[in-house]
Amino acid sequence: MNFKPLHDRVLVRRLEGEEKTKGGLIIPDTAKEKPSEGEVIAVGEGARKDSGELIPMAVKAGDRILFGKWSGTEVRIEGEDYLIMKESDILGVIEGGNAQKAAA
């Protein structure tokens, strides 16, 4: 992909939610909420302080993140739908499989 966000912006691909409930009911597309989980595709170089010093980004391409329901701007790049949001709109990074096993 030939797209690089500017400053402290992040390009995110939404990860699709579950299509069935825990009880086995199929959720129709019209009733599904937009997922608030995504994968970081590309990041900008970071924000700048008033002094001009660069503040590095806390996320990197490939990270799984959670973001607010109304975060970002929907864009279409090379036929795919993405979100562009500021790094401050990201609520957190989802760690790998070890964190999920520890919670269980």
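Please read all numbers here as calculations on a predicted model, not as lab measurements. Counting begins at 1 with the first residue of the sequence.
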Taking the side chain as every heavy atom from C-beta outward, state whether I84 and F3 have any atom pair closer than 4.5 Å.
yes
Result for side chain to side chain contact (heavy atoms under 4.5 Å, CB included) between S71 and one of I90, L83, D89, L91 points to D89
d(D8 CG, E87 CD) to nearest 0.5 Å is 6.5 Å
CD1 (I55) and NZ (K49) are apart, to the nearest 0.5 Å, by 5.5 Å
Interatomic distance, CD1@I41 vs CG@L11, rounded to 0.5 Å, equals 6.5 Å
In this structure, CZ of R48 is separated from NE2 of H7 (nearest 0.5 Å) by 9.0 Å
Rounded to the nearest 0.5 Å, the CD1 atom of I65 sits from the CD1 atom of I94 at a distance of 8.5 Å
Flag the pair T73 / M85 as yes when at least one side-chain heavy-atom distance between them is below 4.5 Å, and no otherwise.
-> no
Notebook entry, point to check: Taking 4.0 angstrom as the limit, do R13 and E80 come out as a salt bridge?
Noted result: yes
Looking at side-chain heavy atoms only, is the closest gap between Y82 and V12 below 4.5 Å? no
Working note: R9 + E45, criterion salt bridge (charged side-chain N to carboxylate O under 4.0 Å, His left out); need CA distance, chi angles, decisive distance, verdict.
CA-CA 8 Å; R9 289 189 173 71; E45 63 184 18; over 6 Å; no
